[in-house]
Amino acid sequence: MRFDVITLFPELFAPFLQHGINRRAFESGQVAVHLWNPRDFADGNYRRVDDRPFGGGPGMVMMAEPLWQCLQAVRAARAEPDAGRAPVVLFSPIGQPLDHAGVERWSHGPGAVLVCGRYEGIDQRFIDSCVDQQISLGDFVLSGGEIAAMALLDAVARLQPGVLGDEGSHQQDSFNPALDGLLDSPHFTRPEQWQGPNGPMPVPEVLLGGHHERIARHRREQSLLLTAQRRPDLLARAKAQGVLDAADVAFLRSQGLL
């Protein structure tokens, strides 16, 4: 798959693409990332890409024309048929929140053109005529879309075959259908007893016994408990979908959570 990122700060992506486990996906080309700077398509000696907003107000607004010319170059480089053109995605506070299901869909698709806004925003005319989808990371505002673009690329890359050391690792992630959309259970590693700031803290004994069925049941119950405490909406959805079995229901009732 191929992602073309339109950004005024392409240099921000270099360390992200070159480090960490997910670099395997980028270095191998499983997830190809091409960076485009709209300033390269702006007119004048100063390559201006922003101007003051009509109607007044603080800040500057990214101009439509440099973005449009940049997008045209991206389209030419991708050489896609009109019927199969990759979607243009803008990261925006008004966009649809990105979730696991959305990442799954992106991970099986051909990619997209990712537009990273800056300043007070982008001229609405470019959005209305060129943007196919808007995505948000949550109810907060970033200085630009670059971090959001990296978040999407990271989430997509780690789902590609061979990227993670353990092929089944991502299946135990929070929100994954393999966990019925619940939160993942807590994890522990060496030492078996940690001398923490409040005294000795042992690993739950069931995890040390080697009894796989008991361990699986313990982790399931901890997942249910954590989800009920932190994200009751996810638990309610799992219940509505009928994915909780009799043992799940019995445990939740014993905890006064159902």
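These numbers come from the heavy atoms of this one structure, side chains and all, not from hydrogens, waters or symmetry mates.
Residues Val113 and Val33 are members of one and the same hydrophobic cluster, defined by side-chain heavy-atom contacts under 4.5 angstrom among Ile, Leu, Val, Met, Phe, Trp and Tyr. Hydrophobic clustering of Ile, Leu, Val, Met, Phe, Trp and Tyr side chains at less than 4.5 Å, counting indirect connections, unites Phe16 with Phe9. Ile135 and Leu159 fall within a single hydrophobic cluster, where Ile, Leu, Val, Met, Phe, Trp and Tyr side chains are chained together by heavy-atom contacts under 4.5 Å. Under the 4.5 Å side-chain heavy-atom criterion for grouping Ile, Leu, Val, Met, Phe, Trp and Tyr, Leu235 is not connected to Phe175 through any hydrophobic cluster. In terms of hydrophobic clustering, with Ile, Leu, Val, Met, Phe, Trp and Tyr side chains grouped at heavy-atom distances under 4.5 Å, Leu12 and Ile6 are assigned to a common cluster.
Scanning both residues, Val206 and Ile215, for their nearest heavy atoms gives O-CG1, 3.4 Å. Between Arg78 and Ala86 the shortest heavy-atom distance is NH2-CB, 3.3 Å. The shortest heavy-atom contact between Ala148 and Leu137 is CA-CD1, 3.6 Å. The nearest pair of heavy atoms linking Met1 to Gly111 is CB-N, 4.0 Å. When all heavy atoms of Pro58 and Pro53 are compared, the pair lying nearest together is O-CG, 4.3 Å. Nearest approach of Phe26 to Val31, heavy atoms of both residues: CD2-O, 3.4 Å.
Between Lys239 and Leu258 the shortest side-chain heavy-atom distance falls below 4.5 Å. Contact annotation: the side chain of Trp68 never approaches that of Pro66 to less than 4.5 Å [non-hydrogen atoms, C-beta and beyond]. The shortest side-chain heavy-atom distance between Asn37 and Val49 does not fall under the 4.5 Å cut-off. The side-chain heavy atoms of Asp245 and Phe251, taken from C-beta on, include no pair separated by under 4.5 Å. When side chains are defined from C-beta on, Met63 does not count as touching Phe126, because their heavy atoms never get closer than 4.5 Å. Using a 4.5 Å heavy-atom threshold, the side chains of Met62 and Asp51 count as separate. Using a 4.5 Å heavy-atom cutoff, the side chains of Val89 and Trp106 are in contact. You'll find the side chain of Leu257 stays beyond 4.5 Å of the side chain of Arg253, heavy atoms only.
Between the side chain of Asn176 and the backbone N or O of Leu179, no donor-acceptor pair lies under 3.5 Å. In this structure, the side chain of Gln255 does not engage the main chain of Leu225 through any donor-acceptor pair within 3.5 Å. No side-chain donor-acceptor contact under 3.5 Å links Arg158 to the backbone of Ile21. Side-chain atoms of Arg2 do not come within 3.5 Å of backbone N or O of Ala32 as any donor-acceptor pair. Remark: side-chain polar atoms of Ser223 are paired, donor with acceptor, to backbone N or O of Leu183 under 3.5 angstrom. A donor-acceptor pair under 3.5 Å links the side-chain atoms of Asp132 to the main chain of Val88, judged by distance alone. With Arg219 contributing its side chain and Ala216 its backbone, the two residues share no donor-acceptor pair below 3.5 Å. Using a distance-only test at 3.5 Å, with no hydrogens or angles considered, no donor-acceptor pair links the side chain of Glu146 to the main chain of Phe13.
Applying the side-chain hydrogen bond (donor to acceptor under 3.5 Å, both in side chains) rule to pairs touching residues 189-211 yields nothing, sequence neighbours excluded.
How far CG of Leu90 is from CD1 of Ile122: 4.5 Å, rounded to the nearest 0.5 Å. Separating the CG atom in Leu98 from the CZ atom in Phe91 is a distance of 8.0 Å, to the nearest 0.5 Å. Note that CG of Leu226 is 8.5 Å distant from CG of Asp184, once rounded to the nearest 0.5 Å. Considering CZ of Arg118 and CG of Leu8, their distance stands at 7.5 Å, rounded to 0.5 Å. Residue Leu152 holds its CG atom at 9.5 Å from CG of Asp154, rounded to the nearest 0.5 Å. Separating the OG atom in Ser136 from the CD atom in Gln96 is a distance of 10.0 Å, to the nearest 0.5 Å.
Heavy atoms from other residues, nucleotides or ligands lying under 6.0 Å from CG of Asp139 number 12 at most. For Phe140, the CZ atom is densely surrounded, since the number of other residues' heavy atoms within 6.0 Å is greater than 12. Within 6.0 Å of the CZ atom in Arg47, the count of heavy atoms belonging to other residues, nucleotides or ligands exceeds 12. Within 6.0 Å of CG on Leu208 lie more than 12 heavy atoms contributed by other residues, nucleotides or ligands.
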**Q.** side chain to side chain contact (heavy atoms under 4.5 Å, CB included) assessment of Gln30 paired with Val163
**A.** CA-CA 9 Å; Gln30 283 177 285; Val163 173; 3.7 Å; yes

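Judged purely by distance below 3.5 Å, without hydrogens or angles, the side chains of Ser92 and Gln134 pair a donor atom with an acceptor atom. His19 and Asn22 share no donor-acceptor pair across their side chains, judged by distance under 3.5 Å alone.
Between Arg217 and Glu221 there is a salt bridge, since a side-chain N of the basic residue sits under 4.0 Å from a carboxylate O of the acidic one.
For Arg220, the salt bridge (Lys or Arg N to Asp or Glu O under 4.0 Å) criterion is met by Asp180, Asp248, not counting sequence neighbours.
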